[in-house]
Amino acid sequence: MSIAVPAFAIGSNVLMGLGEARARVSCWARRCWWCRLPPISSSSRGSAPSGAAIAVVVASYIMAWIALARVRSYIPFTVGEVLARRHDIRAFILRRLQNIRG
């Protein structure tokens, strides 16, 4: 979840920034649908809470993948390219913290 939720948030916000509001709403609607399916199907067996938890995790990863796939159709990048920039990200964060501290 710690990877899926930020990836989905970034993907959906980038889509919105690119003017793809319809794609963003579609991603959110699909996520809601995916979250509802397992609890409905498992409610007859009395395992609805665990089914709901599993559904949220699975839906988060599926929607993160879909949102980032949609973003990649506009902005080509790979996960390896993003991870290769981790030193730049760390330096940026450290600079910002130094600016905040004074």
Side-chain angles (χ1 to χ4, degrees):
M1 288 287 291
S2 63
I3 295 172
V5 172
F8 179 66
I10 290 168
S12 65
N13 287 329
V14 169
L15 287 173
M16 187 65 151
L18 290 170
E20 290 294 320
R22 179 179 284 165
R24 182 180 185 201
V25 170
S26 172
C27 284
W28 279 104
R30 289 179 188 173
R31 183 174 189 270
C32 290
W33 183 83
W34 278 99
C35 285
R36 295 294 305 151
L37 188 62
I40 290 170
S41 64
S42 65
S43 63
S44 62
R45 291 174 271 175
S47 60
S50 61
I54 292 169
V56 168
V57 171
V58 170
S60 296
Y61 277 98
I62 291 171
M63 291 300 99
W65 179 73
I66 290 172
L68 291 178
R70 292 292 302 260
V71 169
R72 286 182 64 196
S73 67
Y74 294 99
I75 306 168
F77 69 92
T78 65
V79 174
E81 291 171 339
V82 173
L83 293 177
R85 304 293 302 230
R86 69 182 180 275
H87 300 294
D88 295 337
I89 295 168
R90 184 175 182 272
F92 173 78
I93 291 171
L94 291 175
R95 276 195 316 271
R96 285 298 208 190
L97 289 174
Q98 287 174 352
N99 289 342
I100 291 171
R101 292 182 186 154

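Sorted by first and then second residue, the salt bridge (charged side-chain N to carboxylate O under 4.0 Å, His left out) pairs involving residues 87-102 (not counting sequence neighbours) are Arg85-Asp88.
The hydrophobic cluster containing Ile93 also includes Ile89, Phe92, Leu97, under a criterion of side-chain heavy atoms closer than 4.5 Å among ILVMFWY residues, counted directly or through chains of members.
With sequence neighbours excluded, no residue satisfies side-chain contact (heavy atoms from CB on, under 4.5 Å) with Gln98.
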